[in-house]
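A quick note: this is a predicted structure, and the numbers were derived from the prediction, not measured. Below, chain A is the first sequence line, B the second, and so on; all start at residue 1.
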There are 2 protein chains.
Amino acid sequence: MRTGIATVCLSGTLKEKMQACAIAGFDGIEIFEQDLVTSSLSPEEVRLMAADLGLTLDLYQPFRDFDSVSEELLAANLRRAEAKFRLMARLGMDTILVCSNVATASVDDDGLRAAQLSRLASLAGEHGVKVAYEALAWGRYVNDYEHAHRLVELVDHPNLGTCLDSFHILSRDWDTAPIERFNPDKIFFVQVADAPKLSMDVLSWSRHYRVFPGEGQFELAKFMGHVVRAGYSGPVSLEVFNDVFRQSDVERTAVDAMRSLIWLEEQSAKWLDANPSAAERPGGAGGTGRRRHPMELATLPRVAEPAGFNFAEVRAADTGALETLLAQLGFGFNGRHRTKNVQLWSMGHARVIINEEAPAAAETSIAAVGFDVDAPVIAAARAQQLKAPAVPRKNQANEEVFQGFAAPDATEIFLCQGNPDGTAAWVNEFGPPGTPDSSLATGGAAGPNAGAPAVIDHVNLAQPWQHFDEAVLFYTSALALEPQPYAEVASPSGLVRSQVMTTRDRGVRLVLNLAPLLMQEAGTETPGGPPLAGSPRRTYQEHIAFAVGDLVSTARDARARGLEFLRIPANYYEDLDARFDLDPAFLATLRELNLLYDRDADGEFLHFYTATVGSVFFEVVERRGAYDGYGAPNAPVRHAVQYDHLHQLKLTA
Amino acid sequence: MRTGIATVCLSGTLKEKMQACAIAGFDGIEIFEQDLVTSSLSPEEVRLMAADLGLTLDLYQPFRDFDSVSEELLAANLRRAEAKFRLMARLGMDTILVCSNVATASVDDDGLRAAQLSRLASLAGEHGVKVAYEALAWGRYVNDYEHAHRLVELVDHPNLGTCLDSFHILSRDWDTAPIERFNPDKIFFVQVADAPKLSMDVLSWSRHYRVFPGEGQFELAKFMGHVVRAGYSGPVSLEVFNDVFRQSDVERTAVDAMRSLIWLEEQSAKWLDANPSAAERPGGAGGTGRRRHPMELATLPRVAEPAGFNFAEVRAADTGALETLLAQLGFGFNGRHRTKNVQLWSMGHARVIINEEAPAAAETSIAAVGFDVDAPVIAAARAQQLKAPAVPRKNQANEEVFQGFAAPDATEIFLCQGNPDGTAAWVNEFGPPGTPDSSLATGGAAGPNAGAPAVIDHVNLAQPWQHFDEAVLFYTSALALEPQPYAEVASPSGLVRSQVMTTRDRGVRLVLNLAPLLMQEAGTETPGGPPLAGSPRRTYQEHIAFAVGDLVSTARDARARGLEFLRIPANYYEDLDARFDLDPAFLATLRELNLLYDRDADGEFLHFYTATVGSVFFEVVERRGAYDGYGAPNAPVRHAVQYDHLHQLKLTA
């Protein structure tokens, strides 16, 4: 598959965009007119630079409001087009995108439209230019890709074809199956964009909210499958208007974009395999089963979804408070690593590594998450092909080598060989546990919990706003997690957007939180003045949640060991009672132990939170029945109490 | 008019919200349930604190999904309601908001609904509670305020009335005139919110994009006029769900909110005067003309819109570059102020003050803008009543005293007595011009321009994203400017939102620019890492534009004096020619002088930009015909070239 991207997807100047596209590995680019008009590079210099960078110049775009106009306006439009055809010759480009008319269309007549497009095609032919005509979703008269294609067939000129843009097609919910019947010679170009499903006018949606494939909700693999089956073999090019990408680091966004195409290529091949056409079915008209298509789709190493969390790692300069918290929760100290400055703590199969190698001033934070995968080396190869930046880790002989990558928020992600019984071989590199830092440490016993041993239930990571969509694609493509519908939770500092990513069997639950902007920025704001400069790192708190079999007894034990619970306000329990009509004794237990509660049609959820150390706190949960949520109705309580604590700390500081 | 605000409008804890509301001067508040549930304050403490702060507790809200349900669910809902009624007794509150059912409604029968509401009203009566029933715009069966009112009439119980929320009514485009015929005893509460007109699902629109009155596009004065004429005299309370306000400084947002109600009160009185009912018209059934209503509407000192710009002030630590630029543009040096460290430069009636009193490290920036107003003292009193923060300026005897206020972006706004001929009396405080800093200074002559003398055409100010809506209301209410439809302009650093505020005769044009977030933040971002901490102040450039009668000769003169123009790329002129088919000689002149050009049905626009000093540059424009824009199609070129310069500066630094 030949990969392309429109320059409008990226920030910076034309030169910066081209360089970033080359570095990210794109085959070609679309030149968005405004990027050329505002550039100090001459068309000849652009042509030369593209050649030097190894980029083909695939599409000049957009040419607007050509068709369905009066004869007088048509003459002006042809004159305007000819100026662009001459410019394209200087650029060495041969294909131009012509969008269906939005603004100046006044005559709704397919015969006239075809005649006008025919004149354009003839003129283009004289200049060696191919016109790719596209139905904009909000075109005045032409807004359906099949309509645009009918016009192309009607004109039947070698210099007129159509451009298929997934956004314009899928935003209108048009069926994509008819694409298969298109003459591939008449498909001059294919553009892909994903988008979240929003109920808003399609123009605003298109101009601001498009995202790269895998970051939205469109069925792009299906769209691409039909395109491939039509016999199209030209570039598949991203055209994504997005307010955030337009301002983010250009090289990083280009890599995110490239990752989305690599992933889409694999998903398209999968879709084709899973949805054979009649001709492709064994015994079908095609006879031989799977058909080869002109477009070759590269595949990635296939991996199963991760089975669970292998460990979570917290980095701290002063580890004392963390050790105390874990010990009070019932974790046992399993000793120090033979060669690294890290400690291992565990409760059942929940393993927490405390990394002591933080710089003195660094805030305690979640540094890494390990996942159990079938074949770490293959999974790592897949991540690498998806351009995940590798994390080097020094290892001694006889130590397990973890394959590691940096997630978009800089958390390190490790791919580990998990044992089916939930244990991990590398724990033998730790020990002896002879010198527990905390006298409370129980030595790794599972504790008095009934049922299955404790595990990591979910990990909740704060995401920088510029990299939220990138993170969704990263975990989707490199780790095979699936994004769930997102939730919005009120906090005293603003709304928090919470995007859960899970495996199908819920062995892994990762929660990506998008904190309010002001919590991501400098921090405090002074009334009447600009925000003060401050910590450049996130101020939003992250956490690790452990699932246990009997939350009430875990909480009682932790209280006996002196755990500082997050204190839940009395008003909460009154509201809980009003909502759920709880058994008074049960309600009293919840209140006594600062437990939170939720219930839905699937089951019940009990949980509690610890105090915060640095930017990290812990949660312990018990899932009853098939409850699949995270206690979202309780999150505002948690946020408010944490805010209160932080605020009181500031006041007393 | 009794003013109120729902706690959900603001950031922080319940305690912080209540304090901020009291400081901002609200009469009462609505308690948003979640704010109480998450609070560590007991209901009794909240009641006490409200009394101490002088705030009435006007409405407990929301109570959701009561009506149109099965008998079984109704019993649970009544139980849930009774718990809230008991809680309200502890809070000392007597009115609760009950929203029409969205989620659990299953029976669409007005008779049954009325019977269920009647049972709720009876129960409420036993607890001394009044139920204000509101039609949510997205209610399953009840989503029209007249429907809700009909149900209230049908039930006819003293403890059941309706709540009118401007958002739920105006988002659906319901006619508001029928409100006048409502029995005022059945209107238990009135909530107001404004909103920009967006084409999106009404729930998302409501939950994220509401703004305070005057910051959106709803006809709120008309809505309020009908409410007043109905005879309602209870609280008028803000209920604004807004993602930005939820995270902004609580005290500042509360003041913004209060300003919006003060302004709405005045606008409502104006609407009532301008739209008399049949009974109020002289000779009408009412007989005596204007009728008094139970709700008394306070008015503000009335002022005419400003006639023009009196001056603009730029503050700089090193003023040399600024002086050179102004002199090259044709400005004359009019000397230093008698007692202050400021210089006056002028060209025609365009006056620029260079303030030398910047701290050494400060970047050159636009510090103040002066407006010509009819009666500065009255205009200042109006601004003060609208809670604009006053700016103290030291003045000596015999010097003109400017009334000054800080705009939301901290720019100082001065209200000046302008002369009808465009001159200003205070210039006599400057001089003598004997020691021009630049040998180029022409001494204030208007230069060789044909036509009217030069004036300030517009001033373009960058706005922090947290205060953009606040700024629109500030200039609307305190300065009587009118917001125009906004534009979005592409720059290499992202989209810039450009909100023009003008007087009706265009004597004042102020452009509020919302720069991309990353330009407002720390500045540069490192690939793979978090943003670096940096300058806390805006990095986006601002400018002052001067209008002249003959731009070409102004540009030639400036070039002769050595002015450094912003260099426009050759590609721009080719595109211009393709678009406008310009006379070759004219095009050559544009190209030669780095002039930009735009044309629309109303006229033509020529303009050029200077190089940037600190964060400030200048623009000179010529308006031909009735052209009313700002050359928006050219703005991306300007941004790209400025970005290039900045980037090259960084590379060579």
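- To the nearest 0.5 Å, atom OG of residue S199(A) and atom CG of residue L203(B) are 9.5 Å apart.
- Using a 4.0 Å cut-off between a side-chain N of Lys or Arg and a carboxylate O of Asp or Glu, K84(A) and D575(B) qualify as a salt bridge.
- Looking at heavy atoms from C-beta onward, E16(A) lies in side-chain contact with Y643(B) at the 4.5 angstrom threshold.
- Atom NZ of K15(A) sits in a sparse spot, with 12 or fewer heavy atoms from other residues, nucleotides or ligands closer than 6.0 Å.
- Minimum heavy-atom separation, Q34(A) to A490(B): OE1-CB, 3.4 Å.
- Neither the backbone nor the side chain of E82(A) comes within less than 4.5 Å of any heavy atom of chain B.
- Residue T253(B) does not touch chain A at all, counting heavy-atom pairs closer than 4.5 Å.
- Under 4.0 Å is where a charged nitrogen must lie from a carboxylate oxygen, and between E574(A) and R90(B) at least one such pair does.
- Proximity to chain B involves both the backbone and the side chain of A578(A), based on heavy atoms less than 4.5 angstrom apart.
- When heavy atoms are compared at a cutoff of 4.5 Å, H639(A) does not approach chain B at all.
- Among the candidates T13(B), D243(B), D201(B), the residue making the largest number of heavy-atom pairs closer than 4.5 Å to chain A is D201(B).
- Between the CD atom in E488(A) and the CZ atom in R207(B) there is a gap of 9.5 Å [rounded to 0.5 Å].
- Looking at every heavy atom in both residues, P43(A) comes nearest to N571(B) through CD-OD1, 3.6 Å.
- If you measure heavy-atom distances from S493(A) to chain B, the contacts under 4.5 Å come from the backbone alone.
- Q247(A) and G494(B) get closest at one heavy-atom pair: CB-CA, 4.1 Å.
- The two residues D577(A) and R79(B) make their nearest non-hydrogen contact at O-NH2, 3.3 Å.
- Between chain A and the residues L495(B), I568(B), V637(B), the most heavy-atom pairs under 4.5 angstrom are made by L495(B).
- The most heavy-atom pairs under 4.5 Å with chain A, out of S42(B), A406(B), A81(B), S39(B), come from S39(B).
- For D581(A), the parts lying under 4.5 angstrom from a heavy atom of chain B are both the backbone and the side chain.
- Using a 4.5 Å cut-off between heavy atoms, L14(B) makes no contact with chain A at all.
- Proximity to chain B involves both the backbone and the side chain of P636(A), based on heavy atoms less than 4.5 angstrom apart.
- When each of A76(B), A640(B), A83(B), G12(B) is checked for heavy-atom pairs under 4.5 Å with chain A, G12(B) comes out on top.
- Heavy atoms only, all atoms of each residue included: T38(B) and P569(A) are closest at O-CG, 3.7 Å.
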